[in-house]
Amino acid sequence: MNVTGGAAFVLLGLAEHPDLQLLLFIVFLLVYIIIIVGNMLIVVMIMVDPSLCAPMYFFLKVLSFLDVCYSSVTLPKMLVNVLSEDKRISHMGCATQMFFLLFLGAAECFLLAAMAYDRYVAICKPLRYVVMMNKTVCLSLTILSGFIGSVSSLLQTVWVFTLPFCGSNEINYFFCDISPLIKMSCFDTSLQLFTATVLVIFTPFFLILLSYILIISNILTLTSSEGHY
């Protein structure tokens, strides 16, 4: 049976363990509250404190905001599903959830790469730091991170939802993600999944690793203990 013709998917989560539903709800709710409160405090502190106007804090503010959005994509629906008998999610809702999940996750990865570049410039090129990391550059790196995240997310979401699904419409997961949906596909798409993972995760990881290799190399060339500090 092709489930794409059905009305909705069913997010199973831990439906086979009803005795854990209340405990899971409490745990997920506490985690969500901590994430929201913690990240919003960071955003507010950076906005109200004039001394926290460096590019590093600008990126940190954006990263905290992305964390709030990323958590809000999945956790509210998970909280509803844990206590509800109706665990359905429409195909459009599932695709929307997957798009924003992948978009925000990829944007965070590339924003972390931008933050690593900021540290590289601050340590390796301190005399040119103000010029190289001005407001325009910081905003451009942030927009670029979001653009790359949105494009990669759109491509992956469209790719997944053009696959023919076989058998049950039940997703053995808490939310709509690539892996559980691919397992429902009629075709083996592990190669495409690996390629997408490499591009979205390992590219910023490589950039972050490269920046810190350059930072460490630069520090090791210094002779004074004050310079090392």
Side-chain angles (χ1 to χ4, degrees), residues 3-4 6-18 20-43 60-112 142 145-163 165 168-185 189 193 196-197 199-201 204-205:
V3 300
T4 54
F9 292 113
V10 178
L11 296 169
L12 293 180
L14 291 177
E16 67 274 14
H17 300 286
L20 296 178
Q21 301 301 308
L22 181 58
L23 176 61
L24 286 174
F25 178 83
I26 295 174
V27 171
F28 288 153
L29 181 61
L30 288 176
V31 170
Y32 187 49
I33 292 174
I34 292 172
I35 291 172
I36 297 297
V37 173
N39 282 290
M40 290 310 299
L41 282 175
I42 292 174
V43 172
L60 184 59
K61 178 176 64 177
V62 176
L63 184 65
S64 296
F65 175 74
L66 290 178
D67 273 339
V68 171
C69 297
Y70 185 82
S71 304
S72 299
V73 171
T74 56
L75 281 172
K77 180 63 176 176
M78 289 169 62
L79 290 170
V80 172
N81 284 352
V82 165
L83 295 184
S84 174
E85 292 292 331
D86 185 5
K87 302 182 185 300
R88 292 177 299 175
I89 182 171
S90 67
H91 290 165
M92 182 58 68
C94 188
T96 302
Q97 187 181 68
M98 177 183 290
F99 170 79
F100 282 104
L101 185 72
L102 298 175
F103 159 55
L104 293 168
E108 282 195 19
C109 288
F110 283 95
L111 187 66
L112 288 171
T142 302
S145 299
F147 176 75
I148 295 174
S150 62
V151 171
S152 64
S153 175
L154 180 61
L155 292 176
Q156 291 181 77
T157 302
V158 171
W159 164 62
V160 170
F161 277 86
T162 53
L163 294 173
F165 297 110
S168 172
N169 65 337
E170 295 178 342
I171 301 176
N172 190 24
Y173 214 58
F174 288 98
F175 52 86
C176 292
D177 201 0
I178 289 183
S179 297
L181 282 169
I182 284 181
K183 290 179 182 178
M184 300 167 59
S185 170
T189 56
L193 176 61
T197 302
L199 291 176
V200 175
I201 297 179
F205 171 75

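This structure is a prediction, so every number in the text was calculated from the model and none was measured.
- Atom OH in Tyr70 sits 13.0 Å away from atom CG in Asn39 (nearest 0.5 Å).
- Smallest separation of non-hydrogen atoms from Met40 and Val68: SD-CG2, 4.0 Å.
- Within 6.0 Å of atom CZ in Phe28, more than 12 heavy atoms from other residues, nucleotides or ligands are found, so the atom counts as buried in its surroundings.
- Atom CG of Leu29 and atom CD1 of Ile34 lie 9.5 Å apart (nearest 0.5 Å).
- Nearest approach of Cys94 to Leu181, heavy atoms of both residues: SG-CD1, 4.1 Å.
- Shortest non-hydrogen contact noted between Gly93 and Ser90 is N-OG, 2.9 Å.
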Discussion item. As a quick check of understanding, evaluate side chain to side chain contact (heavy atoms under 4.5 Å, CB included) for Ile42 and Lys61, giving each step before the final call.
Written reply: CA-CA 7 Å; Ile42 292 174; Lys61 178 176 64 177; 5.9 Å; no
Discussion item. The test is side chain to side chain contact (heavy atoms under 4.5 Å, CB included); show your working for Val62 and Ser145 and say whether it passes.
Written reply: CA-CA 11 Å; Val62 176; Ser145 299; over 6 Å; no
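- Summarising the geometry, atom CG belonging to Leu60 is positioned 9.5 Å from atom CG belonging to Asp67; distances are rounded to the nearest 0.5 Å.
- Note on residues 71-80: pairs passing side-chain hydrogen bond (donor to acceptor under 3.5 Å, both in side chains), not counting sequence neighbours, are Tyr32-Ser72.
- Taking both residues in full, the closest heavy atoms of Gly149 and Ala106 are given as CA-CB, 3.7 Å, listed atom of the first, atom of the second, then distance.
- The line from CD1 of Ile26 to CG of Leu30 is 7.5 Å long, rounded to the nearest 0.5 Å.
- Within the model, atoms CG of Asn81 and CZ of Phe175 stand 12.0 Å from one another, a figure rounded to the nearest 0.5 Å.
- For the atom pair CD1 (Ile36) and OG (Ser64), the distance works out to 11.0 Å, reported to the nearest 0.5 Å.
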Discussion item. Applying side chain to side chain contact (heavy atoms under 4.5 Å, CB included) to Met78 and Leu75, what does each step give before you reach the verdict?
Written reply: CA-CA 5 Å; Met78 289 169 62; Leu75 281 172; 4.0 Å; yes
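- Under a cut-off of 6.0 angstrom, the local environment of CZ in Phe100 is sparse, with at most 12 non-hydrogen atoms contributed by other residues, nucleotides or ligands.
- Residues satisfying the side chain to side chain contact (heavy atoms under 4.5 Å, CB included) test with Thr157, not counting sequence neighbours, are Ala95, Met98, Phe99, Leu102, Ser153, Phe161.
- For Cys109, the disulfide bond (SG atoms under 2.5 Å apart) criterion is met by no residue, not counting sequence neighbours.
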